[in-house]
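Below, chain A is the first sequence line, B the second, and so on; all start at residue 1. Basis for what follows: all heavy atoms, side chains included, without hydrogens, waters or symmetry-related copies.
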Amino acid sequence: MTNARVQVAAALMADPSGQHWGYNLSRNAGVRSGALYPILHRMLEDGWLEDGWQEQSTSGKRSAPPRRYYRLTAEGAAELGALLARASADQRFSVSALRPGLAQ
Amino acid sequence: MSAMVEALTSWHLFVFVLLVFGVLPGFVLRALAAIFPRGDARRAEMLGEFRAVPSVGRPLWVAQQVEVAAFEGLPARLHALKLARARQTAAKRRAGKGRHRAPERPRVVLLPGILLAASCAAFAGLASTKPAAGASGRDVGGNLSLVVPTVLATLLVLIVGALVLAALTSPGEARHGPRRVATRFD
């Protein structure tokens, strides 16, 4: 359980049923891309996340490349909820940063 | 004061801003994305996310992708090369030729390294510019005049490198690799 993993979990659990994008997750969790994507990849492999592609709306003629989104599965929501509960009891992690995720 | 205004309105600064916040992030990102093997989801994801990043934050975001490309892209590329080589060897064995031939040196592996080094050099060059060394604006212009040719040269290396990389990887590895696998089951 690393701080980056906990922060990503909190960012995901802030909106458990919504779609999350890499850049937004990186900003919300305060985790750099180099740490974020291995965590997301691991969660995808574990079945905690599912991914998909969303076309970006553009006003121009050429369409922008689609964005990959991540969505929590039921198993993922349960696992990340447990992870956040454990993290909130651990003094190494900042409790205030976990509040949005713990509120779910 | 007038020297500072002169420096701020110089064409060097204009070109510098145009490169750093306009052209360069996209070029560097495409070169970095080319490190990932063709068909890798991260390659498309990286390019897709780029549009969502505000223009002001793009240089820093692209700089962060150097780490992503180095620690995710290169291993993925090496893995894809290994798979492609294994497929080629298996195909040659089935065809009954090249049984005792030594494996060819994977030249393609060098190119992502060159691209990475060039990207690092570009960002290191940009980071090393001192915004106001001394009090005169001429120093600013002097630093920029050194940076702009460096950036342009790096850009050229990146473009040529990405083109060579695309040309070298497409025939053997990705474009025909999955098709060969598919034909085994036909």
(request) Select one option (side chain, backbone, both, neither) describing which atoms of B/Glu45 are under 4.5 Å from chain A's heavy atoms. (result) both
(request) Flag the one option from B/Ala52, B/Gly48, B/Ala41, B/Ala44 with the top tally of heavy-atom pairs under 4.5 Å to chain A. (result) B/Gly48
(request) Decide whether A/Leu12 and A/Tyr69 are clustered together by the hydrophobic rule: side chain heavy atoms of Ile, Leu, Val, Met, Phe, Trp, Tyr closer than 4.5 Å, transitively. (result) no
(request) Quick one: which of B/Glu49, B/Met46, B/Gln64 has the most heavy-atom pairs under 4.5 Å with chain A, could you say? (result) B/Glu49
(request) Answer with yes or no whether the hydrophobic clustering places A/Leu36 together with A/Trp48; edges join I, L, V, M, F, W, Y residues whose side-chain heavy atoms lie under 4.5 Å apart. (result) yes
(message) Side chains of A/Ser33 and B/Gln65: any donor to acceptor distance under 3.5 Å?
(response) yes
(request) Identify the residues of residues 17-30 of chain A whose heavy atoms come closer than 4.5 Å to a heavy atom of chain B, ordered by number, or report 'none'. (result) A/Trp21, A/Gly22, A/Tyr23
(request) Would you mind reporting whether B/Arg42 and A/His41 have side-chain heavy atoms less than 4.5 Å apart? (result) no
